[in-house]
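Side chains included, hydrogens not; waters and symmetry mates left out as well; all remaining heavy atoms used.
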Amino acid sequence: MPKKIHVVLSGGSGSRLWPLSKKSRTKQYIPIFDGKSLFEMTIENNKNLCDQVIVVGNIDNYELSLQILGKKEATPFEIIVEALPKNTAAAITFAALTAQEEDLLLITPSDHVIENKEAYQNAVECAFELAENDCIVTFGIKPNKAETGYGYIQSNGEDVIAFHEKPSKEKALQFLTDENYLWNSGIFCFRSKIFLEELRKYRPDILAACIHVMQLKQSDFLDAAASQQIPSESIDYAIMEKSKKIKIVRGLFQWSDLGSFEALYDYFSVKGGVYVKESNLIIAETAHVELHGIEDMMVIQSGDAILILPIQRSQEVKKIYERLAIENKNLIE
């Protein structure tokens with residue numbers, strides 16, 4: 001009997017939430033959500049919807065994933081450790097090749113936060129129904145602000161009209177007022193064999209390279225030399241923008257990729273808690289921080305590193321991370 005498999009994508013470098021996030025503990029493993037991490041919350045949100053978990057991640061995250069999955073004893077799991085980051089098309093292909101061809105795969109990032117579990121469950125069930133009819137399903141989220149950091153999907157009911165890159169502020173405002181434009185959540189659902197058939201049609205080079213790597217697989221860890229031959233491509237470019245089998249489910253649940261400290265500030269401002277003090281975001285692992293007479297600032301401390309920046313400039317953290325990767329690698333390891 002076909003299984004429903006939750007495929008968790010757990011890569012990333014942690015550059016936008018440094019110094020909390022580093023190579024050895026990327027964003028999805030930071031336990032700042034009432035003692036839980038986004039990875040753990042992702043597993044919990046889907047545990048009653050699927051029969052099995054497959055995590056596709058990198059070597060730095062392997063032990064962290066294993067620790068969390070080990071606590072969720074009721075759900076069988078498998079971990080595929082990529083030797084090299086080759087983007088989402090390859091990661092998803094590894095999972096599809098691991099599953100049986102009739103299995104239904106629910107693909108989710110491991111570093112997004114989802115609220116309103118009932119609405120999320122309804123959306124997933126709708127996606128499974130479409131996937132059973134051999135559709136490739138993507139999830140769109142109704143925008144609640146003119147966000148320039150997300151991609152958008154233009155749709156008409158369940159039909160996808162077009163995918164749009166991260167827009168300008170002017171275009172994002174236009175998308176916000178049009179009911180047919182949804183945020184691209186990066187969540188997908190399809191039957192394993194349908195994904196592989198579409199990949200064979202549109203990117204046979206990616207499929208062939210991934211099959212070769214999987215043929216060499218003898219443990220959780222994939223072969224590094226063979227992995228070098230895999231083209232790096234996102235699922236959006238490889239399949240979603242080309243396939244004629246695409247359908248979209250409109251997600252009515254609250255969703256954020258929490259991709260910046262500004263997004264964390266917005267989240268904790270609504271949820272409450274110890275991290276937002278007046279108009280400042282303060283997250284310190286071992287230091288006590290006091291701010292007085294300062295507004296709209298963030299103070300982030302982890303280990304030997306302290307980051308102080310206006311919240312509105314949080315997107316610039318990636319530039320700091322990239323500079324440190326050259327000047328002081330120890331601070332990002």
Side-chain angles (χ1 to χ4, degrees), residues 1-12 14 24-31 33-114 117 120-121 123-125 127-128 131 137 139 185-193 195-196 210-211 213-223 227 235:
M1 181 176 178
K3 297 189 297 293
K4 294 177 179 177
I5 300 176
H6 178 207
V7 177
V8 187
L9 305 182
S10 187
S24 59
R25 188 191 67 178
T26 47
K27 162 184 156 187
Q28 58 267 47
Y29 300 97
I30 305 169
F33 303 91
D34 294 327
K36 295 181 180 180
S37 66
L38 290 171
F39 183 92
E40 186 169 0
M41 291 163 65
T42 299
I43 298 297
E44 290 182 352
N45 284 342
N46 294 278
K47 67 181 180 181
N48 294 326
L49 302 174
C50 297
D51 308 305
Q52 181 183 341
V53 175
I54 296 177
V55 175
V56 186
N58 59 46
I59 185 81
D60 295 323
N61 295 337
Y62 178 67
E63 292 294 339
L64 294 171
S65 297
L66 207 56
Q67 290 171 15
I68 293 170
L69 291 166
K71 295 191 294 183
K72 316 296 178 185
E73 297 176 359
T75 306
F77 67 86
E78 183 169 349
I79 302 180
I80 300 171
V81 182
E82 295 180 287
L84 300 168
K86 289 295 183 176
N87 218 316
T88 53
I92 294 168
T93 302
F94 293 142
L97 291 170
T98 301
Q100 299 298 312
E101 62 175 19
E102 295 297 329
D103 289 343
L104 298 172
L105 308 184
L106 174 64
I107 316 292
T108 76
S110 58
D111 58 354
H112 295 182
V113 65
I114 289 173
K117 292 183 180 180
Y120 175 69
Q121 180 175 332
V124 170
E125 289 174 352
F128 277 137
V137 185
F139 288 62
S185 69
I187 304 173
F188 309 98
C189 185
F190 39 72
R191 199 182 299 278
S192 177
K193 72 172 183 179
F195 171 81
L196 294 174
C210 289
I211 288 174
V213 170
M214 292 298 285
Q215 286 173 339
L216 298 174
K217 184 176 182 291
Q218 296 181 343
S219 66
D220 293 346
F221 303 88
L222 301 182
D223 183 81
S227 296
I235 183 178

Exercise. With Ile59, which residues qualify under side chain to side chain contact (heavy atoms under 4.5 Å, CB included), at least two apart?
Worked result: Val81, Phe221
Exercise. Mind checking what makes side chain to side chain donor-acceptor pair (under 3.5 Å) contact with Thr108, not counting sequence neighbours?
Worked result: His6
Exercise. Quick one: side chain to side chain donor-acceptor pair (under 3.5 Å) partners of Ser65, sequence neighbours excluded?
Worked result: Tyr29
Problem set entry | side chain to side chain donor-acceptor pair (under 3.5 Å) involving Asp60 - partner list, sequence neighbours excluded | none
Exercise. In chain order, what residues pass the side chain to side chain contact (heavy atoms under 4.5 Å, CB included) check against Gln218, with sequence neighbours excluded?
Worked result: none
For this session: Could you tell me which residues satisfy side chain to side chain contact (heavy atoms under 4.5 Å, CB included) with Ala90, sequence neighbours excluded, listed by chain and number?
Result: Lys86, Phe94, Cys210, Ile230
Seminar exercise, completed: Here the pair of heavy atoms bringing Ile43 nearest to Val8 is CD1-CG2, 3.9 Å
For this session: Mind jotting down which residue pairs meet the salt bridge (Lys or Arg N to Asp or Glu O under 4.0 Å) criterion with at least one end in residues 2-12? Sequence neighbours excluded, please.
Result: Lys3-Asp103
Exercise. Using a distance-only test with no angle check, is there a side-chain donor-acceptor pair under 3.5 angstrom linking Glu63 and Gln67?
Worked result: no
Problem set entry | All side chain to side chain contact (heavy atoms under 4.5 Å, CB included) counterparts of Ala96, not counting sequence neighbours | Leu105, Ser192, Phe195, Leu196
Exercise. Mind checking what makes ring pair (Phe, Tyr, Trp, His ring centres under 6.0 Å) contact with Phe128, not counting sequence neighbours?
Worked result: none
For this session: Give a yes-or-no answer on whether the side chains of Glu82 and Ser227 include a donor-acceptor pair shorter than 3.5 Å.
Result: no
Exercise. Listed by chain and number, what are the salt bridge (Lys or Arg N to Asp or Glu O under 4.0 Å) partners of Lys27, not counting sequence neighbours?
Worked result: Asp111
For this session: Among Ile5, Val137, Val124, find the one that has a side chain to side chain contact (heavy atoms under 4.5 Å, CB included) with Leu106.
Result: Val124
Problem set entry | Residues which pass side chain to side chain donor-acceptor pair (under 3.5 Å) with Glu102, listed by chain and number, not counting sequence neighbours | Arg191, Lys193
